[in-house]
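Written out below as structure tokens is the structure these notes cover.
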Amino acid sequence: MHAYRTHTCGQLRKSDVGQTVRLSGWVHRRRDHGGLLFIDLRDHYGITQCVIEPDGKAFPTVDTARSEWVLTLTGKVVARTDETVNKDLATGDVEMRIEEATVQSQAQELPLPVFGDMDYPEETRLTYRFLDLRRERLHKNIMLRSNIIRSLRNRMYGQGFNEFQTPILTASSPEGARDFLVPSRRYPGEFYALPQAPQQFKQLIQVAGFDRYFQIAPCFRDEDGRADRSPGEFYQLDVEMSFVTQDDVFAAIEPVLQGVFEEFADGRTVDKAPYPRIAYADAMLQFGSDKPDLRNPIRIADLSAVFARDDVEFKAFKNKTVRGIPAPGAASQPRSFFDKLNDWARSEGAPGLGYVVLEDDGGVLTGKGPIAKFIPSAALTEMARLANVKAGDALFFAADKQDRAATLAGLARTRIGRELDLIEKDRFRFCWVVDYPMYEWNEDEKRIDFSHNPFSMPQYDRKKFLAFSSGDKDEILGLKVFQYDIVCNGYEMLSGAIRNRDPDVMLKAFEIAGYARAETEERFGGMLNAFRYGAPPHGGLAVGLERVVMLLAGEENIREVTMFPLTQQGQDLLMRAPSPASAKQLKELHLKIVYPEKG
RNA sequence: GGGGGCGUAGCUCAGUUGGUUAGAGUGUCGGCCUGUCACGCCGAAGGUCGCGGGUUCGAGCCCCGUCGCUCCCGCCA
């Protein structure tokens, strides 16, 4: 008989009755009845109830066992009587009569119970991650993650993609997030950087003639975390392909994402590809966000023109962008509903959230509420038409400079949708966001910045682009790029672009953003140079792996789908990282530490 | 870097207006119990109330500072 097990703890069935078997696992639960001792033995595969009576040979050993001890138990499989069958357990038709018992490992009193589904503080969970991972919820999530990765890989191979590994020790990239640096021993004062993404490598792979690349790639960014964003490191499904248009990229990834969501939907509805495409500008208007949650039926309308009318005397909204957020059926809400939203808007730094409640007064649409008296009937009717609201609804207003009004309206849309319980449940709704602006105006520094990815191909006339001068600011700010995101339920799932492979256009693009040609050559020389030796048209994308798993696991925090996550403050509480380097290490690396002064 | 929340027994939490010896559940330890599957019953141990200072006759509670976790803003090409 095998030293540890003949079966797993999730394996035994009625058909095994009569066999003598050996199981190994953790003591999930111990129930001592005096004359009878039950041990629920758990491993990766499941739980099996084992039982022994006090006159049993192995009783003294089993009796000492406590929660989470590791035992090897040997005994006969017996059928449970009808009354004692446990339908909640896959092995619940049988139990094992313990004849031999070996303690493989003891466990101290637990800082975190494995049994049960209670919530525990992150600090405890992360310090004792190995215990938390034994618990059903995390164990299930991590297995889901593994299965999703397998599925993604298979689907990518199925589409003719090949997986290649790109370097982890590489060069710092000057754009974007802060880099993690690795000091060089052989070159004093010089550093490797961990890749923020394999962006340049995957483009080089295309120049090198390997079509259709993908990789489950680790990415490192020294930025702070959020619930849906790991600090430090995360994984993405990184994809790049040659001789493709934007539509080709869409056609390649849609079935992969669609397939993986359907495979793990577990009864939830998955929208069918092709996904609707929403221009960035429309997303900002209708959803107040570049991450539209289509499950929320509310659509924002621009009401600036109505408030600009002479017959509308509400001065506070004049010369501002005014966005209207419909609140369907909210006319029946108590005053506190409106007050609460107003308080919330103030907490977001807005002056408030104005509103009118729409009522039907003998066939005429009338407004109620603090600012209703400033809006004459004709204007109200026009607003109702634009915002698609009717008697019985309410209409909220976000008024400010354009970008702030749009953002506030977007937040209000989400909030109102939740308060009124309008968000569809158990459904995954996807959309593409396309036609991103290439540049944006940096008001603080009075200059033009890249608004997203500097490697994207502008939707442009090449000659005109190369001839742009600083006087063409408006036209430059109006430029769009072949860049795209897929958003699912308000989460950014993937982001990609058709790349800029034209060295002259790239130098010009960086020049517009304030980088001298020599500087661009210096920083992106490797890639620029490659583009001078025959670069195929190419494009690709990267899917946030944890986000996909998070959505499919029904979790709202990325740590719930990460095996060993850092805290929000970027610490590993289990392995104790970061930690100081020894004097010897520092000397080898030619480093001296200058601690910040505490004030 | 900034704002909000939390920090009390191994663990999860309660703790009134500042007032006697800081409580419960769970776990741990001991006793009883032959069909439980969150077993049940009895008993015991277990506390620097995150840490430091202050106000007060008196602080878990009020004030100041600080640390940790978390959520958000900044940041994330």
Side-chain angles (χ1 to χ4, degrees), chain A residues 28-42 47-56 64 66-68 78 80-89 91-92 95 107-128 131-132 173-179 196-197 199-200 219-234 344 347-349 407 411 436 438-440 444 449-456 481 483 492 495 497 500 509-510 513 515 523-524 542 544 556-557 559 566-571 573 596 598-599:
Chain A
H28 190 61
R29 210 62 185 154
R30 175 186 188 277
R31 289 180 297 280
D32 182 0
H33 285 244
L36 201 59
L37 176 60
F38 294 99
I39 298 286
D40 288 342
L41 202 66
R42 183 198 72 241
I47 291 175
T48 302
Q49 174 168 286
C50 306
V51 62
I52 189 165
E53 291 170 16
D55 52 2
T64 58
R66 292 294 180 269
S67 284
E68 298 308 309
V78 300
R80 299 205 202 180
T81 61
D82 288 348
E83 311 83 67
T84 59
V85 162
N86 185 346
K87 287 196 168 58
D88 299 330
L89 221 53
T91 60
E95 64 190 8
Q108 300 176 20
E109 188 172 351
L110 299 168
L112 182 106
V114 172
F115 172 80
D117 56 1
M118 258 176 82
D119 261 333
Y120 297 93
E122 292 270 351
E123 199 173 350
T124 313
R125 295 181 58 195
L126 292 178
T127 307
Y128 298 95
L131 290 179
D132 202 17
S173 67
E175 284 292 310
R178 271 188 292 270
D179 283 314
Q196 298 183 20
Q199 176 73 34
Q200 295 190 59
C219 304
F220 305 90
R221 297 178 189 176
D222 189 5
E223 297 293 348
D224 294 341
R226 286 286 185 281
D228 67 344
R229 205 176 78 203
S230 308
E233 59 177 78
F234 61 94
W344 161 82
S347 75
E348 291 289 329
T407 308
L411 293 170
Y436 278 81
M438 182 153 186
Y439 296 106
E440 63 191 14
D444 293 340
D449 275 344
F450 282 112
S451 74
H452 292 90
N453 184 325
F455 305 110
S456 305
V481 279
Q483 191 178 321
E492 183 188 312
S495 195
N500 184 352
F510 275 91
Y515 296 89
R523 289 178 162 179
F524 302 106
E556 288 185 351
N557 193 303
R559 285 185 295 274
L566 300 174
T567 68
Q568 194 185 43
Q569 310 302 319
Q571 286 187 304
L573 299 179
K598 290 217 167 173

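Bear in mind that the values here come from a model prediction, so they are computed numbers and not experimental data. Just so it is clear: chains get the letters A, B, ... in the order the sequence lines come, proteins before strands, and each one is counted from 1.
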Within the structure shown, what part of the strands sits under 4.0 Å from [X] by heavy-atom distance: base, sugar-phosphate, or nothing?
| X | value |
| --- | --- |
| A:R559 | sugar-phosphate |
| A:D55 | nothing |
| A:E123 | sugar-phosphate |
| A:Q199 | base |
| A:T567 | sugar-phosphate |
| A:R80 | base |
| A:N453 | sugar-phosphate |
| A:D88 | nothing |
| A:E440 | nothing |

Between [X] and [N], is there a side-chain N or O to OP1/OP2 distance below 4.0 Å?
| X | N | value |
| --- | --- | --- |
| A:R31 | B:rC39 | yes |
| A:R226 | B:rC73 | yes |
| A:N557 | B:rC71 | yes |
| A:Q568 | B:rC71 | yes |
| A:R29 | B:rC39 | yes |
| A:Q49 | B:rG35 | no |
| A:R229 | B:rC75 | no |

Where the side chain of [X] meets the backbone of [Y], is there a donor-acceptor pair that is under 3.5 Å apart?
| X | Y | result |
| --- | --- | --- |
| A:E223 | A:R178 | yes |
| A:E68 | A:L110 | no |
| A:D32 | A:G34 | yes |
| A:R30 | A:R66 | no |
| A:R229 | A:D224 | yes |

Base-pair string, RNA chain B, Watson-Crick plus G-U, cut-off 3.5 Å on both distances, | for inter-strand, is (((((((..((((.....[...)))).(((((.......))))).....(((((..]....))))))))))))....
Taking atom [atom1] of [X] and atom [atom2] of [Y], what is their separation to the nearest 0.5 Å?
| X | Y | atom1 | atom2 | answer |
| --- | --- | --- | --- | --- |
| A:T124 | A:D132 | OG1 | CG | 9.5 Å |
| A:T91 | A:Q49 | OG1 | CD | 8.5 Å |
| A:R226 | A:N557 | CZ | CG | 12.5 Å |

Please report, rounded to the nearest Å, how far the [atom2] atom of [N] is from the [atom1] atom of [X].
| X | N | atom1 | atom2 | result |
| --- | --- | --- | --- | --- |
| A:D228 | B:rC73 | CG | P | 9 Å |
| A:F38 | B:rC33 | CZ | P | 16 Å |
| A:L112 | B:rU26 | CG | C1' | 13 Å |
| A:L573 | B:rG50 | CG | C1' | 15 Å |
| A:D224 | B:rU70 | CG | C1' | 13 Å |
| A:R178 | B:rG74 | CZ | C1' | 10 Å |

Roughly how many Å apart are [M] and [N], using the [atom1] atom of each and rounding to a whole number?
| N | M | atom1 | result |
| --- | --- | --- | --- |
| B:rG60 | B:rG19 | P | 10 Å |
| B:rC41 | B:rU56 | C1' | 47 Å |
| B:rC71 | B:rC33 | C1' | 48 Å |
| B:rU66 | B:rG47 | P | 31 Å |
| B:rG74 | B:rG3 | P | 15 Å |

Here's one to test your reading of the geometry: is the NZ or CZ of A:R29 within 45 degrees of the ring axis of A:F115 and under 6.0 Å from its centre?
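The answer is yes, since A:R29 meets both limits relative to A:F115.
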For B:rC33, does the base pair up with any side-chain atom of A:D32 as donor and acceptor (N or O, under 3.5 Å, distance only)?
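Under the 3.5 Å cut-off, the side chain and the base do form a donor-acceptor pair.
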Nearest to the side chain of A:E223, which nucleotide is it out of B:rG30, B:rC75, B:rU12?
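Nearest nucleotide to the side chain: B:rC75.
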Looking at B:rC39 and A:H33: do their rings stack (centroid distance under 5.5 Å, interplanar angle under 30°)?
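So yes, this residue stacks on that base, both cut-offs being met.
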